[in-house]
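Values below: all heavy atoms of this structure, side chains included; hydrogens, waters and symmetry mates excluded.
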Amino acid sequence: MKKLDKKSIIFNLIYILIIVFIFILIEIILRIANYGINTELFLEKKINNEEYYVLNTKIINKYFPGLFTKRRVENKVLFKKEKDLKTVRGFLIGESTPEGFPYQSNQSFGKMAEIALKEAGLLTGIELHNISFSAMSSYYVYDVSKKLLKYKPDFLVIYSGHNEYYGTLGIMSNKSHFLKRVYLVLKEIKIFQFLLGIIEKKEDNRVNKEDSTLMERMFNNSIIEPEENINKKVVRNYLDNIEDIVRLYSSKGIPVIIIEPVSNIFSMPPFKGYNEKVSSDFIKKYFDIVIKDNNIEENLRFYNENRNRYNYDPVKRYLDALSRYKIGDRNFIEDLIFAKDNDRIPFRAKEELINGVKEIYKNKNKNKYYSLFYIELADLLKEKGENRLGNNFFCDHLHFNNYGNKVLSFFLAEKIAYIFKAQFQGEKSEKFNEIYNKNLLNNFIFFNPLSDFLAYKRLDSIFSSSPFSIMEIKYFTLLKEDIEANEIYKNKEILDYLSQQQPNDIYEIYESVINYFLMKKEYGKAEYLVNAMIVLFPAFYGSYFLKAYIEFLYNDKEKGNYYFKFAYDLADNKYLVLNNIKEIYINFYGEEEFNNFKNRIKEKVHIPKEE
């Protein structure tokens with residue numbers, strides 16, 4: 001074989017370096033041009049002369065197929081860049097359940113746990129930021145957990161497992177575990193995004209079809225048979241993702257709390273059974289006996305006669321479970337689990353996956369995962385006398401209702417307090433128990449009629465679309481009855497006003513209702529919703545803009561200045577916001593006072609202390 005001479009080697013090296021340089025140059029140009037998806041988790045903002053991080057509301061697009069998705073998430077996270085010694089910073093990561101659906105993220109169990117620990121004086125410097133999103137699988141958890149290390153977390157909370165089939169990069173993506181991870185790395189590179197932009201000229205219908213819910217788009221009419229090889233692959237990939245994060249965080253001594261992903265198994269029938277094989281007349285008759293009639297003897301007779309028929313069908317086994325429950329058979333849970341695990345539309349985590357996480361926890365000392373903690377939620381609920389996971393905790397197949405969020409927040413707060421050695425003694429312990437026993441959490445998270453109304457609308461939307469709409473046994477919910485006493489729902493004038501305004505997003509809905517109360521001179525209600533916006537959307541400039549306006553109404557110019565300054569610093573379009581501030585300022589105090597405010601806009605403004 002002919003040896004390369006020295007000149008040829010040098011030429012080849014130069015040639016390779018030129019190619020590398022060209023690629024680097026293209027990458028730099030694309031980044032400067034802000035092409036494609038910004039994959040930074042948080043963006044820096046200077047607010048009132050202090051450095052903050054705000055959530056990158058477009059990062060979610062990295063985890064959906066292609067490059068053309070235009071999803072945005074709430075401006076729900078804002079925190080100071082520099083941590084002081086008292087701060088205990090945590091992140092809650094996962095899917096739509098920890099995200100808070102159907103409520104806002106800062107009304108879910110994560111924020112409740114943070115507030116309970118703060119208000120009780122157990123951990124006054126705690127931060128628990130919610131970066132969970134709908135449709136996200138364990139690949140999102142794996143990818144983002146690594147990114148979080150940049151932001152100096154003191155602990156991590158993971159709630160994940162329900163989206164391993166239909167979620168982004170789930171089993172339906174038809175890619176290997178290795179390729180999914182490579183894809184996540186490549187999507188950080190602008191050149192790769194540019195190539196995707198050339199190849200994928202059409203938007204992905206699963207994600208962008210606007211006349212359907214996200215759940216319906218991810219389902220995409222795809223039935224997944226409960227086959228052992230598919231389930232094992234799902235479990236293996238999930239556990240690999242979770243354990244890699246546990247291993248990484250354990251090596252750095254950062255606690256990881258994994259919460260068992262529970263679901264509604266008692267009140268929620270399977271989405272899909274084998275109705276093409278099982279007689280629909282049989283299911284209907286069984287359903288009438290178990291649900292509609294209250295004849296225990298007939299229930300027992302029918303169950304005994306048919307206990308060995310159609311046992312492969314999850315819908316039949318679900319009815320078996322309810323039948324056994326009614327006749328006092330304590331082993332009804334095994335049928336409920338079978339029904340959930342063999343659902344042909346598997347939107348709920350299966351027992352094999354849950355047991356796999358338990359095994360990781362049981363072997364924590366063997367694997368040196370000393371900073372791993374686990375909340376075995378189902379067993380904790382049983383200890384409290386709750387042996388049914390049904391509508392008492394959930395508002396659909398797996399999302400917690402307000403009560404369910406409170407219960408989980410209690411267990412999470414206890415676990416965090418234990419990890420950071422917060423002492424449950426004396427007044428602090430009494431205050432913590434009072435927060436839960438007297439149901440004070442809803443006040444702290446500004447749980448209001450508008451929150452409840454919007455949750456109702458979101459749930460109503462998914463219940464009227466697939467896969468809920470194609471269920472053989474319909475999911476029974478008291479949603480309609482629960483909402484009829486709601487202040488927003490029963491106020492036709494507010495609903496008509498919202499219809500006229502046609503708000504495009506959650507912020508505009510809140511702003512419209514606030515404006516309605518201001519027009520009615522119901523300033524207390526308007527102020528309450530403005531304060532709610534600051535808690536729910538702390539990184540949205542409009543929350544502070546409206547707060548400033550309220551302060552001006554109360555003739556408190558100093559506070560108004562503070563909130564206008566905060567709004568201005570948070571806003572992306574500062575010119576537009578300044579013009580809006582000018583208009584309000586002139587109406588209240590005149591142009592000269594506005595010019596004084598404008599001249600001091602670069603200075604730090606201190607919020608006046610409450611008298």
Side-chain angles (χ1 to χ4, degrees), residues 165-166 212-213 215-216 219-227 263-348 350-351 387-399 459-482:
Y165 290 88
Y166 292 109
S212 57
T213 65
M215 184 179 185
E216 185 175 11
F219 164 49
N220 202 32
N221 293 317
S222 300
I223 304 299
I224 302 175
E225 301 297 344
E227 296 173 3
S263 56
N264 186 347
I265 59 174
F266 187 83
S267 306
M268 173 72 194
F271 283 109
K272 180 74 172 171
Y274 294 91
N275 56 327
E276 63 272 17
K277 296 179 182 177
V278 181
S279 165
S280 58
D281 290 339
F282 171 82
I283 293 295
K284 185 180 183 305
K285 183 176 181 181
Y286 200 179
F287 174 80
D288 288 345
I289 290 170
V290 173
I291 304 297
K292 291 187 177 179
D293 302 338
N294 199 26
N295 189 328
I296 301 299
E297 289 183 6
E298 176 64 10
N299 196 129
L300 179 60
R301 182 194 66 76
F302 193 87
Y303 169 72
N304 286 331
E305 284 180 3
N306 297 282
R307 63 191 307 170
N308 295 319
R309 295 182 70 194
Y310 307 125
N311 278 345
Y312 57 86
D313 184 70
V315 177
K316 190 265 181 180
R317 291 289 288 274
Y318 173 75
L319 291 171
D320 279 348
L322 298 190
S323 186
R324 293 172 78 176
Y325 172 76
K326 281 197 168 186
I327 62 180
D329 185 343
R330 294 184 179 181
N331 294 319
F332 69 96
I333 294 288
E334 63 188 33
D335 280 327
L336 289 177
I337 290 172
F338 180 93
K340 182 253 297 182
D341 283 356
N342 289 274
D343 193 340
R344 296 170 72 204
I345 303 177
F347 269 105
R348 295 174 288 180
K350 301 191 179 190
E351 291 304 296
N387 66 338
R388 295 182 304 154
L389 287 170
N391 284 346
N392 47 340
F393 294 107
F394 300 95
C395 52
D396 58 15
H397 57 305
L398 51 79
H399 299 110
L459 287 170
D460 189 51
S461 179
I462 68 166
F463 292 159
S464 60
S465 60
S466 64
F468 277 93
S469 62
I470 62 172
M471 293 174 71
E472 193 171 358
I473 298 177
K474 299 300 181 186
Y475 170 59
F476 178 73
T477 172
L478 294 172
L479 194 61
K480 192 74 174 176
E481 290 82 350
D482 291 342

**Student:** Taking side-chain hydrogen bond (donor to acceptor under 3.5 Å, both in side chains) as the test, write out the residues that go with K316, two or more places apart.
**Tutor:** N311, D320

**Student:** Do the side chain of R344 and the main chain of G273 share a donor and acceptor less than 3.5 angstrom apart?
**Tutor:** yes

**Student:** Verify side-chain contact (heavy atoms from CB on, under 4.5 Å) between K340 and S263, making sure each step is shown before the conclusion.
**Tutor:** CA-CA 9 Å; K340 182 253 297 182; S263 56; 4.3 Å; yes

**Student:** Checking H397 now: which residues fulfil side-chain hydrogen bond (donor to acceptor under 3.5 Å, both in side chains) with it, not counting sequence neighbours?
**Tutor:** none

**Student:** Of all residues at least two apart in sequence or in a different chain, which pass the salt bridge (charged side-chain N to carboxylate O under 4.0 Å, His left out) check with D460?
**Tutor:** none

**Student:** Between the main-chain N or O of G390 and the side-chain N or O of N392, is there a donor-acceptor pair closer than 3.5 Å?
**Tutor:** yes

**Student:** Mind listing the closest non-hydrogen atom pair of P467 and F347 along with its distance?
**Tutor:** CG-CE1, 3.9 Å

**Student:** I need the E216 CD to I462 CD1 distance, nearest 0.5 Å.
**Tutor:** 11.0 Å

**Student:** To the nearest 0.5 Å, tell me how far M471 CE sits from N275 CG.
**Tutor:** 12.0 Å

**Student:** Tell me every residue that passes side-chain hydrogen bond (donor to acceptor under 3.5 Å, both in side chains) with Y274, counting only those two or more places apart in sequence or in another chain.
**Tutor:** E225

**Student:** Measure from the side-chain N and O atoms of D313 to the backbone N and O of V315, and report whether any donor-acceptor pair falls under 3.5 Å.
**Tutor:** yes

**Student:** Is the distance from the ring center of Y318 to that of Y286 below 6.0 Å?
**Tutor:** no

**Student:** By side-chain hydrogen bond (donor to acceptor under 3.5 Å, both in side chains), which residues pair with D341, not counting sequence neighbours?
**Tutor:** none

**Student:** About how many Å separate CG of N342 and CZ of R317, when rounded to the nearest 0.5 Å?
**Tutor:** 8.0 Å

**Student:** I'd like to know if K285 and D281 make a salt bridge, using a cut-off of under 4.0 Å between side-chain N and carboxylate O.
**Tutor:** no

**Student:** What closest approach, in Å, do P269 and S267 show between heavy atoms, and which atom pair accounts for it?
**Tutor:** CD-O, 3.5 Å

**Student:** Going by ring-ring contact (aromatic ring centres under 6.0 Å, His included), name the residues that satisfy it together with F287, two or more places apart in sequence or in a different chain.
**Tutor:** none

**Student:** Go through the structure and list residues passing salt bridge (charged side-chain N to carboxylate O under 4.0 Å, His left out) with D343, not counting sequence neighbours.
**Tutor:** R348

**Student:** With a 4.5 Å cut-off on side-chain heavy atoms, are I473 and L319 touching?
**Tutor:** yes

**Student:** With sequence neighbours excluded, tell me which residues meet ring-ring contact (aromatic ring centres under 6.0 Å, His included) with F266.
**Tutor:** Y325

**Student:** Got a second to check how far F302's CZ is from S323's OG, nearest 0.5 Å?
**Tutor:** 9.0 Å

**Student:** Donor-acceptor pair, N306 side chain versus R309 backbone, under 3.5 Å?
**Tutor:** no

**Student:** Can you find a heavy atom in the side chain of I224 that is under 4.5 Å from one in the side chain of Y166?
**Tutor:** yes

**Student:** With sequence neighbours excluded, what pairs up with R301 under the salt bridge (charged side-chain N to carboxylate O under 4.0 Å, His left out) test?
**Tutor:** E298, E305

**Student:** Which value, rounded to the nearest 0.5 Å, describes the distance between E351 atom CD and I337 atom CD1?
**Tutor:** 4.5 Å

**Student:** Give me the atom names and distance for the closest heavy-atom approach of S469 to S464.
**Tutor:** CB-O, 4.0 Å

**Student:** What pairs with F463 under ring-ring contact (aromatic ring centres under 6.0 Å, His included), at least two apart in sequence or on another chain?
**Tutor:** F468, Y475

**Student:** Check salt bridge (charged side-chain N to carboxylate O under 4.0 Å, His left out) between K474 and all other residues, then give those that pass, not counting sequence neighbours.
**Tutor:** none

**Student:** Taking ring-ring contact (aromatic ring centres under 6.0 Å, His included) as the definition, give me every residue that meets it alongside Y165, ordered by chain and number, with sequence neighbours left out.
**Tutor:** none

**Student:** Between N264 and D396, does any side-chain donor sit less than 3.5 Å from a side-chain acceptor?
**Tutor:** no

**Student:** What's the shortest heavy-atom distance between L322 and V290, and which atoms?
**Tutor:** CB-CG1, 3.5 Å

**Student:** Write down the atom of L336, the atom of I265, and the distance for their closest heavy-atom approach.
**Tutor:** CD2-O, 3.2 Å

**Student:** Atom CZ of F271 and atom CD1 of I470: how far apart are they, to the nearest 0.5 Å?
**Tutor:** 9.0 Å

**Student:** What are the two closest heavy atoms between I291 and K326, and how far apart are they?
**Tutor:** O-NZ, 4.1 Å

